[in-house]
Amino acid sequence: MTLRVTNTAKTYPDGTKALLPTELSVAKGEIVSLLGPSGCGKTTLLRIIAGLETPDAGSEIWFGNDNVTSLPVERRKVGMVFQSYALFPNMSVRANVGYGLKMQKLPKDEIESRVTEVLELCQLQEFSGRAIDALSGGQRQRVALARAIAPRPRMLLLDEPLSALDAALREALRDELAMLLREFHITAIFVTHDQDEAMAIADRVAVMSHGHVVQSGTPEELYRNPNSPFVAGFVGNAMRLEGKVAGSTLHLDGGELALPRDGTGHNVFVRAEDVQINTEGPLNGKVESVTFFGTHYRVGISGIMTDVLTSTYAGQSAPKVGERVEVSIKPEALMLLPEGAEV
Amino acid sequence: MFKSKTKLLQLIVTLSACAFLLIPTIMSVMAGLTANYFKGISSGLTLKWVFQVWELYADSIFLSLWLAIACLIVTLIIGLPAAYGLARHPGWLSRLLEEFISLPLAVPGLAIALALLQLYGSMKGFRASWAFILVGHVLYTLPFMVRSILAVLAAIDLKTLEEGAASLGASPWQRFRDIVVPNAMPGILAGALTVVTLSIGEFNITWMLHTPYLKTLPVGLADSYASMRLEVASAYTLVFFILIVPLLMAMQWASARAQRITK
Amino acid sequence: MGVRPSPYGHTMTNRTFVLACLTPLFIFSLAFLALPLVRLFLESGSGEAGWAIYLDILRRPRYLNTLVLTVLVSLATTFAALAISTTAGMFLSRNRFRGRGTLLSVLTLPLAFPGVVIGFLIILLGGRQGLVNQLTPGHVVFAYSVIGLFLGYLYFSIPRVLLTVMAAAEKLDPALEEAARTMGASPYRVVVDVIVPGLMPALIASGAIAFATAMGAFGTAFTLATNIDVIPMVIYTEFTLSANIAMASALSIVLGIVTWALLLIARSLSGSTVAAGG
């Protein structure tokens, strides 16, 4: 089922604009992530799609050919995974997963067989009789997912589905979730503030900031061609190179860099993994800090611009603090974004 | 549609409950200020009944205020160190003691009063003094004071704070004075307001313990309900409301404040 | 490193200081609570019937009827207060609107009203000169009947239940209700499947509080129940009028144990302190 959201906004009674007029389309079977920092409106948009928030007048939400804008949540047939999971503590795993089917007034034996099917799909068979508080965080997350898809909803909505887990578990479950979502063949929207999560799970990412969608595209598109400093910074932590642009040359404190094209009127951004420490290069700086991360080092270099420039260094032995180093950046790694674009 | 209908029903229940609680209260206030209740408000508003209450029952009002203050002092003297002791010495014995002093919250005041009367009723000097009523009030309010302070002390890391003070050379008494009391202040304040509010309104124990010469405000109220005209009884109730409502609001504010700490 | 001298350091260890702190409480509760209660208990067995007096409560119709009536009125109060306060409490904790604070104040105001005052307020509603009698054509006086007593008990139970329910409702994850609704649950099903189970400990706790409070209410009964035998009134008349001190003591002990046990249950479920009174 496709989803189309047009001109959808949310203003709270106290005047706070949680969501500015927004357009969003999601194709059938597509997995879209709403990515942004807290307070950017991503959860509000998700809750409006679910029917848990009423949008401002003029907003329209279409599920396929149905205009569901004024349909209450209980009749929208969406599956939702909540940040806190919201599993019913007074019901077993089985009863939680079967609840939506019970609400559809399906015959008992059909409920039983469908619940069993979903539990198997999510590898929860052995926990089916357990109480919710006897489950680990990861198991709860899977029960929440199983409960949301059991009624075969038109669309699956996930609100920060992994944020209640600790870091190690989160990474493992991220890939599992990506796999499961693809197995379900269901249109899914999920909200996160974690760029790695968004990129790992989603077919398409919509980056949000201050109540609207800044850019939407595949993870690669966003990473390679951000359209604003915000997206460049939020997706892949790009740094701005503070210098003077003259034609296709960037003048920095520590040397000059060739730009891929005429950069007049643009700011220049780069990612740490594209900053290379070489025996020779056009830039010259002093090592300020070295942090070891196992697979790589993060080296802070001063003297190239006002701020410290960060480089990801993958070699065997990193330069020492205080050493002078040469730095090069390939022209195609530099991102030129128009000045005055939203920060 | 259905959602708003449920909400409407909830609103109606809420408003009806408010009306049930508020209407008789307002009636009582109005009756106390109306010249003649049977003729209604058209007979004019007057403070006559309030003045009459003052003439008849000023003693009972002052006795209640005095008892409340005395009760506050005693509950502080007993309750503050006790809460500290219970907080520093957790264990089954402390739990038992705390549970035991909380009995007057659960056991009806009538039973407590009967118990006191049977043991001390024959000690004429004590029986006839205000101190006898005070004992009843302290019994009833002390658990509130102790628990209110205890809740705050349990929420702050008292042991570490004290160890910090001790490592700087503070004696037990200095630690109690400099660390425990200032940090327990929100609990002390909430407890103090609760004690005063409850003491002023206490009837069940007091009714049994009072003597004809020692009537507290609520005892006087019961007396006026039985023997005075409705306007006087209402005016007296009005005086009571004026005293108790601000105290109750202060108490709720202080308790909410203390509870924020314990979270 | 030298130890700084402290004025009490040598004379008082930490342990003795803590014990000294508990001493006043210990003496006070021994003298004015433990000993009187022991005396009350001993007194209950000192009558003609001896300890069989506790059987008498169940054997003699006067006391048994009183017991049954008190339990019935208290039960009715409990369920009515639960229904009203849960509805109002959920409404107030789930909605934010202008005037909410005022409604909340009105609903919690009677917490500090003594039972006698509440009795008087019921007389103003349903007494001979009461509001209902003035507004209706017939002669409608209910203040001094069981209905009046029920309303009086309801008056002081509503705030107590409301506060407990609201505290629990604030802790109830709103996402639970939303989750049920995304799966197609009607508002009625949300109440049955999510809200009531979620609030159950608080409902039991506040129900026990309401019941215990109603069982032991003396002030309200004193003003209203001139012709109705409820336990507190019977204790009072046995003691003052009949001078049947043994029976008054025995009834007090029974009543005390019942209310104390109920509130113990309540506290173990909700962890809150609410006074029985009224």
Side-chain angles (χ1 to χ4, degrees), chain B residues 2-3 6 10-11 13-14 17-18 21-25 27-28 31 37-38 77-78 81-82 84-86 88-89 97 100-101 103 105-111 114-116 118-119 135 139 144 147 169 171-173 197-198 201-204 218 221-222 225 230 233 237 240 244-245 248 252, chain C residues 4 6-9 12 14 17-18 21-22 24-25 28-29 32-33 35-37 39-40 43 84 87-88 91-92 103 106-107 109-117 120-121 124-125 129 131 155 158 187 216 218-219 222-223 232 235-236 239 248-249 252 255-256 259-260 263 273 275-277:
Chain B
F2 195 29
K3 186 184 157 197
T6 347
Q10 285 181 313
L11 180 67
V13 171
T14 308
C18 282
L21 299 184
L22 198 57
I23 287 174
T25 315
M27 285 174 63
S28 130
Y37 180 70
F38 305 104
I77 291 173
I78 299 176
Y84 167 74
L86 292 171
R88 277 314 305 271
H89 210 74
L97 188 58
F100 184 66
I101 63 154
L103 270 183
L105 297 186
V107 174
L110 196 59
L114 275 190
L116 281 175
Q118 287 177 27
L119 189 64
V135 165
L139 272 178
F144 288 96
R147 285 171 169 222
S171 70
W173 162 246
T197 311
L198 291 178
E202 211 299 317
F203 173 79
N204 294 357
L221 279 173
Y225 296 157
L230 196 72
T237 311
F240 173 73
I244 208 81
V245 170
L248 179 71
Q252 286 178 339
Chain C
R4 277 189 232 175
S6 126
Y8 297 93
M12 197 177 250
N14 196 30
F17 182 75
V18 168
C21 282
L22 285 168
L25 179 77
F28 180 84
S29 47
F32 296 114
L33 192 56
L35 293 180
L37 286 176
R39 175 66 185 267
L40 183 74
E43 204 71 40
I84 295 171
T87 313
F91 180 72
L92 290 175
L103 291 187
V106 168
L107 286 171
L109 207 59
L111 268 183
F113 290 3
V116 267
V117 170
F120 178 65
L121 296 179
L124 285 177
L125 271 185
Q129 305 148 16
L131 183 70
Y155 198 103
I158 286 176
F218 173 59
F222 182 76
T223 344
I235 295 177
Y236 180 67
F239 184 76
S249 304
S252 298
L255 183 61
T259 52
W260 173 77
L263 289 173
T273 310

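To find a chain, count down the sequence lines: A is the first, B the second, and so on, and within it residues start at 1.
In this structure, chain B has a heavy atom under 4.5 Å from the side chain of C:Phe28, while its backbone stays farther away. If you measure heavy-atom distances from C:Leu37 to chain B, the contacts under 4.5 Å come from both the backbone and the side chain. With a 4.5 angstrom heavy-atom cutoff, B:Ile23 touches chain C only via side-chain atoms. In this structure, no portion of B:Glu202 lies under 4.5 Å from any heavy atom of chain C. Looking at B:Ser28, both its backbone and its side chain come within 4.5 Å of chain C, counting heavy atoms on both sides. The part of B:Leu97 that comes within reach of chain C is its side chain, from C-beta onward, which places non-hydrogen atoms under 4.5 angstrom from that chain. When heavy atoms are compared at a cutoff of 4.5 Å, B:Ile101 approaches chain C by way of both its backbone and its side chain. Only the side chain of C:Thr223 comes within contact range of chain B, with heavy atoms under 4.5 Å apart. Both the backbone and the side chain of B:Val135 come within contact range of chain C, judged by heavy atoms closer than 4.5 Å. At a 4.5 Å heavy-atom cutoff, the contact between B:Ile244 and chain C is made by side-chain atoms alone.
Most heavy-atom pairs under 4.5 Å with chain B, from the set C:Val117, C:Ile235, C:Ile84: that is C:Val117. If you tally non-hydrogen atom pairs under 4.5 Å between each of B:Leu221, B:Leu116, B:Thr197 and chain C, the highest count goes to B:Leu116. No other option in B:Ala111, B:Gly201, B:Cys18 has as many heavy-atom pairs under 4.5 Å with chain C as B:Cys18. Here B:Ala115 is the residue among B:Ala17, B:Ala115, B:Ala233 with the most heavy-atom pairs under 4.5 Å with chain C. Top candidate by heavy-atom pairs under 4.5 Å with chain C, chosen from B:Thr25, B:Val245, B:Val13, B:Leu110, is B:Leu110. Contact count versus chain C (heavy atoms, under 4.5 Å) is highest, among B:Tyr225, B:Phe100, B:Phe203, for B:Tyr225.
No donor-acceptor pair closer than 3.5 Å links the side chain of B:Arg88 to the backbone N or O of C:Val18. No donor-acceptor pair closer than 3.5 Å links the side chain of C:Tyr155 to the backbone N or O of C:Pro110. Listed for the C:Thr87 side chain is no donor-acceptor partner under 3.5 Å among the backbone atoms of B:Gln10.
Atoms CG and OG1, from C:Leu121 and B:Thr237 in turn, are 7.0 Å apart once rounded to the nearest 0.5 Å. Here the SG atom belonging to C:Cys21 is positioned 11.5 Å from the NE2 atom belonging to B:His89, to the nearest 0.5 angstrom.
Annotation: side chain of C:Ser252 is in contact with side chain of C:Leu40 (closest heavy-atom distance under 4.5 Å).
Qualifying ring-ring contact (aromatic ring centres under 6.0 Å, His included) partners for C:Phe239, counting only residues two or more places apart in sequence or in other chains: none. B:Phe240 is linked by a ring-ring contact (aromatic ring centres under 6.0 Å, His included) to nothing, counting only residues two or more places apart in sequence or in another chain.
Using bins of under 30°, 30° to 60° and over 60° for the plane-to-plane angle, the ring pair C:Tyr236/C:Phe222 lands in the perpendicular bin. Ring geometry, C:Phe17 versus B:Tyr84: the interplanar angle exceeds 60°, so the pair is classed perpendicular (tilted spans 30 to 60°).
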